[in-house]
K.L.:
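Attaching a single structure in structure tokens format; questions to follow.
Counting starts at 1 for both ligands and their atoms, in listed order. Just so it is clear, the values below take in all heavy atoms, side chains as well, and ignore hydrogens, waters and symmetry mates.
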Amino acid sequence: MVATAWAASAAFLPKKPRLVLAIVIDQFRYDYLLRFRGDYNSGLAHLLEQGAVFTDAHYLHATTVTAVGHSTFLSGAPPSMSGIIANEWYDREAGASVTSVSDPATKLVGGIPNAPGSSPHRLLVSTVGDEVKMQGADSKVIGISIKDRSAILPAGHMADGAYWYDPDSNNWVTSTYYRTALPDWARKVNDEHAARQYIGAKWLPFDAKDDSATPFCTMVAGTDLRYCGGLEATPWGNEMIEDFAERAIAGEDLGHHAGVDILAVSFSANDYVGHAVGPDDPAVRDISIRTDRLLGKLFDYVEQRAGAGNTLVVLTADHGVAPVPEVNQARHMPGGRLDATKVADRITEALTRRFGPGKWLLPGAATMPYLNLKLVSALKLDLGEVERVAAAAAGSVEHIARVYTARDLQSGAVQQDAIGRAFTLSFYGPRSGNLFILQEPYYLFDTTGTSHGTPYVYDTQVPVLFLGPGIKPGTYPGSIAVNDIAPTLAALLGTAQPSGSMGRVLSEMFQ
Ligand SMILES: [Zn+2]
């Protein structure tokens with residue numbers, strides 16, 4: 001009887017995939033699927049035509065930056081639970097700035113000898129990969145990206161490896177957290193010195209017939225053409241990631257273990273390009289089209305290696321991006337640039353006037369200042385009052401929309417609209433600053449280009465696409481959170497949900 005009941009319920013569960021290909025495009029707004037749809041004919045087109053397409057997916061947190069998006073992706077946890085509050089922050093205990101993954105207890109492996117390494121030690125929660133691993137199945141979990149945080153955070157604590165690109169050595173690297181030497185397949189990639197072929201190269205439009213077309217940028221500095229920056233800021237950066245992913249699939253024999261394997265790949269080049277030129281520049285369209293083609297190449301390779309119908313693909317982005325303020329101004333839209341020093345000065349002036357002179361602010365981002373708590377306690381001041389004075393000063397700067405204090409967020413004394421909730425979910429007491437400063441929509445603290453990091457829709461709305469066994473293709477217009485991806489994967493893989501997951505299972509797309 002028990003066996004029959006089990007068999008009956010198992011019949012409703014879809015066939016389990018052998019490989020999960022979990023993809024992030026770094027800085028890819030949802031509307032890039034709409035605006036460039038006619039140009040896609042490969043990987044993205046395949047996902048849009050054959051997959052489950054969620055058209056109203058947003059991040060729940062306000063701090064829409066790379067580390068936070070990548071930590072949310074396969075954990076489902078907001079910063080208030082994951083502890084990943086930003087790309088970098090001021091660590092009060094260490095008395096220094098740290099990154100989301102910097103780890104002085106580790107060394108880099110494969111790059112400059114003895115360079116400091118990175119690990120997921122600041123991630124407080126589990127990922128889908130961790131849950132699969134803790135179940136004890138024979139599974140491999142690998143993370144790959146140009147950025148260390150984007151390789152490490154989705155893969156989790158128990159990953160077999162995370163690999164990223166080290167621009168100092170032009171090598172793919174890992175850290176002693178994972179292993180003491182690169183695997184042979186990765187060392188072989190480095191020995192090929194692929195980066196050398198791009199010295200002096202020009203990035204031409206994807207459909208250029210010959211090199212008479214105007215390039216988007218060049219790898220040679222000091223010419224009339226825009227200098228690309230590094231390889232990571234060109235489509236070749238993504239091509240190197242895709243190639244490395246193929247090598248990892250072959251080298252680690254992904255898709256051929258008793259348990260499910262998970263490969264998390266984050267394409268970083270889109271972000272570097274987007275920061276430099278903004279979402280309305282033709283270069284963003286070009287790299288989006290190239291990403292479509294590259295994904296097609298990766299999907300073909302995966303299908304060939306893991307066998308048709310054995311791979312579950314999920315794709316999202318870690319955040320969107322704001323338009324370039326000058327572009328917006330020219331088209332009669334709001335926006336502008338703000339001076340971070342002005343905000344800090346205004347806070348220091350107000351605190352000095354009220355409580356006396358001192359070094360009131362510690363190093364930190366313009367939007368999340370840290371107060372000098374030693375000074376606050378030396379003067380025997382009430383921290384809540386100091387925060388209130390600082391917040392009022394910051395809020396008096398033109399084009400600052402809201403300022404929350406740590407005390408407000410801890411006590412729940414914030415406006416409970418979507419933005420108040422987003423900041424509450426972005427706050428983690430032991431790590432966060434004393435103030436959260438939010439500028440008006442379309443205003444940036446950056447002096448050039450554009451950026452992201454707010455709870456406004458251009459930063460929060462991203463694609464969420466699923467394709468593979470058990471997924472019912474179609475368009476799903478209901479509102480979902482990117483946080484829903486992790487618990488959904490857990491359900492599809494038959495494993496426990498990650499420990500900080502606050503999403504729901506997207507069962508509407510289950511077959
Ligand atoms: Zn990013």
K.L.:
Classify the ring geometry of Phe423 against Phe436: parallel below 30°, tilted from 30° to 60°, perpendicular beyond 60°.
P.N.:
perpendicular
K.L.:
For the Zn ion (ligand 1), which protein N/O/S atoms are closer than 2.8 Å?
P.N.:
Asp26 OD1, Thr66 OG1, Asp318 OD2, His319 NE2
K.L.:
Could you list the residues that satisfy side-chain hydrogen bond (donor to acceptor under 3.5 Å, both in side chains) with Ser97, not counting sequence neighbours?
P.N.:
none
K.L.:
Less than 3.5 Å apart, any donor N or O on the side chain of Thr454 or Asp459 sitting next to an acceptor on the other?
P.N.:
yes
K.L.:
Could you tell me how the ring of Tyr40 sits relative to the ring of Phe36: parallel (under 30°), tilted (30 to 60°) or perpendicular (over 60°)?
P.N.:
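Perpendicular.
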K.L.:
Between Asp292 and His46, is there a side-chain heavy-atom distance shorter than 4.5 Å?
P.N.:
no
K.L.:
Do Thr66 and Asp318 meet the criterion of a side-chain donor-acceptor pair at a distance under 3.5 Å?
P.N.:
yes
